[in-house]
Amino acid sequence: MSLKIHKLIHEIATKTSTVDAFLNENTFPIIEGSHTTFVYVGEATEVRLRHWVYGLPSAQPFIRVQGTDLWYHIIELPQGSRVEYKIETEIDGKVEWIRDPLNPLLAHDPFGANSVCQAHGYTAPDWTENDPEAREGTVEHIVIPRTPFGTGRRVTVYLPARFRKTRRYPLLVVHDGGDYLRYARLKTILDNLIHRLEVTPLIAALTHPADRLIEYPNNSQHAQFIVDYVIPTMERRYPVYNSPKWRCLMGASFGAVASLSTAWRNPEVFGGLLLQSGSFAFTDIGESRRGPNFAKVVEFVNAFRQNPGRPAEKVYLSCGIYESLIYENRSIVPLLQEAGMTVRYEEARDGHNWENWRDRMRTGLSWLFPGPLWMVYE
Amino acid sequence: MAVGILLGPQRLAPTVGDELENLGVSGPVATITAGWQEREAEDQELEQALKVKTHNLNLYARCEEVFREDRSLFREHRQKQDRLRHLQDLYRVRLEYTLGAARKLQEVRLPTDLVNLHFDSAILAIRALDEEHIRLTTEVRNEFEDRVQPWTRPHLAKQIREVLDILNNCNAIAISGGNVVTLLNRLRLFHIAAELRQKPILAWSAGSMALSDRIVLFHDHPPQGPGNAEVLDRGLGFFHNVVLLPHAKRRLNLDDKRRVLLFSRRFAPAACVAMNERCRIAFDGRRATAGADTLQLQQDGTLGPLEPSCL
């Protein structure tokens with residue numbers, strides 16, 4: 001397959017085109033079928049593509065087009081892939097990671113932002129965008145003054161559009177609630193999916209950790225906070241069902257570990273779990289190589305694998321194929337099924353990031369909290 | 001044929017007020033918003049859109065009250081609903097395979113005359129399944145009504161008398177959309193179809209579906225499940241030979257000729273009508289007329305103007 005970059009190289013050699021014309025005529029990275037061409041323009045000793053696709057070398061060198069300051073790198077990406085990346089430049093020994101200056105598409109996370117490559121076949125789902133027809137829910141903040149952590153904790157509460165105190169609602173407890181709102185558009189998504197009748201109107205309690213690396217890996221104080229403080233507070237202040245069937249815990253990465261361990265410690269409290277890219281590291285023998293932050297995670301997941309019990313009736317699980325955690329997530333599916341839980345497992349050609357978790361919410365939420373889509377014609 | 005106008009969704013671009021004028025009705029109008037369930041009474045915007053005095057029949061709230069007072073009726077009703085739900089589940093299992101066969105045949109690349117032969121048979125099998133489902137649901141409902149005779153029970157009878165008093169003082173009926181199962185249930189339970197039929201009717205979305213011969217639930221791309229359109233039940237049968245598809249633009253893949261063709265042939269000779277915003281079908285008691293933007297799914301897989309003479 002002849003790619004645009006190859007045509008440019010030929011035209012530069014024959015002096016029939018220029019780098020400027022090439023830059024004006026294309027958007028970057030250039031997607032041509034399964035081939036993606038990344039381009040960087042500037043003086044440098046070396047340029048590399050930095051990404052987080054597990055299985056590929058994490059730094060991939062660009063090639064300089066002779067006689068120009070244009071660099072390029074081609075990779076093959078399967079249909080539907082979405083990859084976050086940065087460009088690494090090395091100039092006189094000084095190495096710098098930058099966002100792709102030619103690509104305006106960014107994904108934000110608590111560490112900043114990455115450039116985004118949307119391969120052939122990927123489009124951001126329309127239900128993640130603001131829908132002017134969708135009635136909007138509201139967000140308010142409450143404070144739980146005393147908690148097992150010894151300090152008060154803020155909880156952000158999502159109330160669906162047309163909220164009524166006389167009605168009862170399911171309760172969704174969300175770990176890293178602020179990040180889900182900021183980086184995964186949780187409020188917009190809830191508004192849209194409830195408006196589309198794909199998800200039943202629900203109330204969400206969005207929690208905010210002080211130190212998630214300490215609080216999330218099977219921490220008894222955290223489990224107590226959720227079960228003995230957050231849930232009773234929500235039941236006291238809002239019309240939520242007082243039944244496990246209508247309670248769900250949700251989280252991503254370490255937040256998924258917190259969700260699973262809280263439900264594991266408190267069987268028959270939660271009917272559903274929504275676990276995204278869970279950091280379910282374990283060892284069959286020997287030590288884990290994932291470092292000290294994972295020590296308590298490994299300890300918990302090993303114990304869970306030994307004795308899973310039945311933390312919930314229904315578990316929705318998702319993971320990106322390009323994550324290093326794909327093996328761990330695939331491994332946990334049969335374990336949950338054998339323990340008698342109904343499992344819905346979904347994979348995507350994406351990485352360990354908030355937009356992957358954003359794109360999976362429709363399937364997860366509509367499976368755990370199905371709305372009256374088939375029956376309602378407004 | 002009753003007198004009335006069936007409309008597309010009204011929330012974003014209401015036309016009910018103008019349509020009421022077209023019917024020559026000055027009000028008051030009896031409204032039925034039972035499809036909105038517990039939001040039934042939130043009808044202020046509807047009254048504004050109708051531009052006349054309205055009286056909500058409150059069928060949902062009245063029914064809830066009856067169920068609280070007559071627990072035995074409530075239990076019988078729930079048992080009947082459970083049986084209907086089970087029937088729907090069982091029908092859905094068979095439908096998946098029957099519809100699947102027809103879809104598979106649409107993809108087969110073999111001599112066209114032979115494929116068509118089998119495709120026609122596959123359509124007949126779907127139609128037979130749909131008809132059987134309607135027969136079974138009708139049997140369940142008839143058995144319940146014959147045995148329980150809900151409208152003769154004192155609490156419900158009292159509510160029905162009040163509803164009929166309101167109806168007698170109204171010049172037209174407006175039936176909104178919402179949950180079509182709830183709406184149909186309430187309309188049946190109150191046993192007021194004969195009285196409703198005497199007045200000019202405006203109905204939209206689920207309201208219009210409930211007044212047709214046959215109610216079809218549909219969505220081509222739901223987040224869960226295969227998206228197979230399924231027959232729910234008979235409607236009240238005020239308006240014939242029409243399958244109404246509110247929000248068709250949003251809920252159906254109207255660009256997919258195979259799906260459109262299959263939908264249209266499955267329910268023929270009834271016209272499958274895409275009822276989007278501003279669509280309308282008017283019935284004057286003898287004949288029907290359709291709005292210029294009101295399109296039907298055609299047997300060649302395209303959309304075309306609704307031919308009112310077939311209604």
Side-chain angles (χ1 to χ4, degrees), chain A residues 123 125-129 131-136 160-169 189-190 192-202 239 241 272 274 314-316 318 342-346 348 358-378, chain B residues 7-13 33 35-42 46 61 64 85 88 92 175-185 203-210 212 215-225 227-233 244-248 250-251 275-277:
Chain A
T123 45
D126 61 352
W127 45 267
T128 65
E129 303 292 338
D131 177 355
E133 286 188 21
R135 293 183 173 95
E136 285 196 42
R162 303 197 288 194
F163 167 74
R164 295 165 64 93
K165 284 184 178 169
T166 50
R167 193 183 159 171
R168 299 226 164 257
Y169 296 89
I189 289 170
L190 284 173
N192 288 346
L193 297 181
I194 291 169
H195 167 70
R196 292 176 180 211
L197 309 164
E198 294 179 7
V199 168
T200 195
L202 57 80
Y241 287 112
L274 197 159
K314 292 176 81 175
V315 182
Y316 169 84
S318 72
T342 307
V343 181
R344 175 88 194 254
Y345 176 61
E346 191 182 16
R358 176 198 70 185
D359 290 358
R360 310 276 84 74
M361 274 197 271
R362 182 189 186 215
T363 319
L365 289 170
S366 66
W367 186 66
L368 289 163
F369 296 114
L373 181 66
W374 280 92
M375 304 300 177
V376 175
Y377 302 79
E378 288 281 7
Chain B
L7 300 168
Q10 291 294 302
R11 184 187 152 215
L12 296 176
T33 56
W36 297 351
Q37 297 172 306
E38 73 273 14
R39 293 185 292 100
E40 177 182 58
E42 296 173 14
L46 174 58
E64 293 297 292
R85 230 184 330 270
Q88 198 74 23
R92 205 174 281 144
I175 307 179
S176 76
N179 188 311
V180 69
V181 180
T182 305
L183 175 63
L184 190 63
N185 260 326
W204 56 98
S205 296
S208 61
M209 294 165 86
S212 64
I215 296 169
V216 176
L217 309 177
F218 62 98
H219 201 297
D220 276 353
H221 34 80
Q224 313 288 337
N228 294 331
E230 59 188 51
V231 171
L232 175 74
D233 199 347
L244 295 156
L245 308 170
H247 296 288
R250 180 153 59 82
R251 298 177 72 112
M275 295 296 280
N276 296 309
E277 272 84 4

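Order of the sequence lines fixes the chain letters, A, B, ..., with proteins taken first and strands second; residue numbering starts at 1 for each chain.
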field: Selection from A:R135, A:R344, A:E198 maximising heavy-atom pairs under 4.5 Å formed with chain B
entry: A:R135

- line: Comparing B:Q10, B:E230, B:E38, B:R250 against chain A, the one with the most heavy-atom pairs below 4.5 Å turns out to be B:E38

query: Who among B:G207, B:P246, B:S176 has the most heavy-atom pairs with chain A under 4.5 Å?
result: B:P246

- request: Using a 4.5 Å cut-off on heavy atoms from C-beta on, say whether the side chain of B:L12 contacts that of A:E133.
  value: yes

- prompt: What residue in B:G177, B:S205, B:G178 has the most heavy-atom pairs under 4.5 Å with chain A?
  reply: B:G178

- prompt: How long is the span from the CZ atom in B:R92 to the CH2 atom in A:W374, to the nearest 0.5 Å?
  reply: 7.5 Å

- prompt: So, for A:Y377 and B:F218, which heavy atoms are closest and what is the spacing to 0.1 Å?
  reply: OH-N, 3.1 Å

statement: Applying a strict 4.5 Å limit to non-hydrogen atoms, the region of B:H247 in contact with chain A is side chain

task: Under 4.5 Å heavy-atom distance to chain A, tell me which part of B:M275 shows up: side chain, backbone, both or neither.
output: neither

query: Atom CZ in A:R362, atom CD in B:Q224: separation rounded to 0.5 Å?
result: 8.5 Å

query: Atom CD in B:E42, atom CZ in A:R162: separation rounded to 0.5 Å?
result: 7.5 Å

- prompt: Where the side chain of A:R164 meets the backbone of B:R39, is there a donor-acceptor pair that is under 3.5 Å apart?
  reply: no

- request: Grab the two heavy atoms, one from B:R251 and one from A:V376, that are nearest each other, plus how far apart they are.
  value: NH1-O, 3.2 Å

field: Close side-chain approach of B:P223 and A:L373, heavy atoms under 4.5 Å
entry: yes

statement: Checked A:R196, A:M375, A:R167 vs chain B; the most non-hydrogen pairs under 4.5 Å come from A:M375

